[in-house]
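Worksheet for the structure shown next.
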Amino acid sequence: MSGDHHDHLHTHDDHAPIGATEPRPEYARLERAVRELLIAKGVLTAEDIRKQIELMDSRTPAMGAKIVARAWVDPAFKARLMKDAKAAADEMGVDTSNSATVVALENTPARHHVVVCTLCSCYPKAILGVPPAWYKSSAYRARTVKEPRKVLAEFGTFLPDDVEIRVVDSTADMRYLVVPMRPAGTEGWSEDRLAALIGRDSMIGTALATTPA
Ligand code: FE
């Protein structure tokens, strides 16, 4: 698979727009073949698969936003989140028992993190739900490591030149949750109000938290 991985970094997709989708009929066929075989062999039922999809679909970035908002207002919680993000998510009622290790990365005025999975589409699904289509595109995966500032600009995210951009590569064993900076002008806000400023992309690192008008 590592050969496959390497190829992805040097395809024509390197210059494709991030929004470009990639029809992969072979994966759809492979998925159907494996699914039908698992059902035929009695390993899984169609109902098991349906329930798992339903569980996955019930997870949304709102959960991540609650976690980040708590971290913004509660330094002790933030310390626990930075130390062990899964345990901190569990505290907030997010079931991460089936999740790989999750590492929280704090953005600061000096350093901005952006998460990519160059190999496939590893993502903290337990906390943010299903990743957006662009996260899985080979253009995003290939270009973010090579020209992160340009990719961020395409998302409308412009960072001062003196801000270091650190691109973090997810793996099957290690997922990342970006903790965006708390916007100015939100002193004294409730967690719920703060959470509304924390969009999915700000926890991937392609956007910032919303600044209140
Ligand atoms: Fe992956």
Side-chain angles (χ1 to χ4, degrees), residues 1-31 56 59-61 63-65 67-68 85 99-181 183 197-211:
M1 284 307 277
S2 62
D4 214 33
H5 177 192
H6 197 73
D7 289 345
H8 279 307
L9 296 175
H10 301 279
T11 63
H12 62 280
D13 294 318
D14 286 10
H15 302 287
I18 294 301
T21 54
E22 37 180 331
R24 291 286 180 89
E26 69 272 28
Y27 288 150
R29 281 200 297 276
L30 182 65
E31 181 276 324
M56 257 161 27
R59 298 179 187 270
T60 74
M63 210 57 247
I67 291 169
V68 171
S99 169
T101 300
V102 180
V103 173
L105 303 167
E106 187 186 14
N107 285 345
T108 69
R111 180 180 296 159
H112 180 92
H113 298 88
V114 57
V115 182
V116 67
C117 176
T118 56
L119 181 60
C120 43
S121 57
C122 298
Y123 190 76
K125 293 193 186 77
I127 295 174
L128 297 183
V130 176
W134 55 257
Y135 186 83
K136 298 182 268 188
S137 73
S138 47
Y140 177 75
R141 286 160 30 212
R143 290 186 49 214
T144 303
V145 288
K146 292 204 301 192
E147 44 184 15
R149 209 168 277 276
K150 201 169 163 201
V151 168
L152 289 182
E154 286 175 39
F155 280 92
T157 301
F158 301 93
L159 296 170
D161 286 340
D162 61 346
V163 175
E164 177 201 352
I165 300 179
R166 186 165 287 188
V167 180
V168 187
D169 196 355
S170 300
T171 67
D173 305 323
M174 188 89 80
R175 312 293 163 92
Y176 298 97
L177 176 75
V178 174
V179 178
M181 281 195 290
L197 302 175
I198 304 160
R200 176 194 67 200
D201 292 5
S202 74
M203 293 178 280
I204 301 173
T206 49
L208 308 177
T210 308
T211 301

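Throughout, numbering of the chain's residues begins at 1 and tracks the sequence. What you see below is based on every heavy atom in this structure, not just the backbone, and it leaves out hydrogens, waters and symmetry mates.
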Please report the interatomic distance [atom1]([X]) to [atom2]([Y]), rounded to the nearest 0.5 Å.
{"X": "Y135", "Y": "S170", "atom1": "OH", "atom2": "OG", "answer": "3.5 Å"}
{"X": "I67", "Y": "M63", "atom1": "CD1", "atom2": "CE", "answer": "5.5 Å"}
{"X": "L208", "Y": "I198", "atom1": "CG", "atom2": "CD1", "answer": "12.5 Å"}
{"X": "R143", "Y": "S137", "atom1": "CZ", "atom2": "OG", "answer": "9.0 Å"}
{"X": "C120", "Y": "K136", "atom1": "SG", "atom2": "NZ", "answer": "11.0 Å"}

Problem - Residues in side chain to side chain donor-acceptor pair (under 3.5 Å) contact with N107, at least two apart in sequence or another chain - result: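 Testing N107 for side chain to side chain donor-acceptor pair (under 3.5 Å), a comparison that skips the adjacent residues, returns H112, H113.
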
Exercise for the section: Of all the heavy-atom pairs spanning A209 and S202, show the shortest one and how long it is. Expected result: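 So the minimum-distance heavy-atom pair works out to N-CB, 3.8 Å.
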
Could you tell me whether the side chain of [Y] reaches within less than 4.5 Å of the side chain of [X], counting heavy atoms only?
{"X": "R59", "Y": "I127", "value": "no"}
{"X": "Y140", "Y": "T206", "value": "yes"}
{"X": "W134", "Y": "I204", "value": "yes"}
{"X": "L105", "Y": "V179", "value": "no"}
{"X": "R111", "Y": "V163", "value": "no"}
{"X": "V168", "Y": "V116", "value": "no"}
{"X": "L152", "Y": "F158", "value": "no"}

Handout entry: Pairs satisfying salt bridge (Lys or Arg N to Asp or Glu O under 4.0 Å), at least one member in residues 100-109, at least two apart
Key =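 Applying salt bridge (Lys or Arg N to Asp or Glu O under 4.0 Å) to every pair that reaches into residues 100-109, excluding sequence neighbours, yields K78-E106.
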
Exercise for the section: Output yes when a side-chain donor or acceptor of R175 lies under 3.5 Å from a complementary backbone atom of V103, and no otherwise. Expected result: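 Between the backbone of V103 and the side chain of R175 there is no qualifying donor-acceptor contact (under 3.5 Å).
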
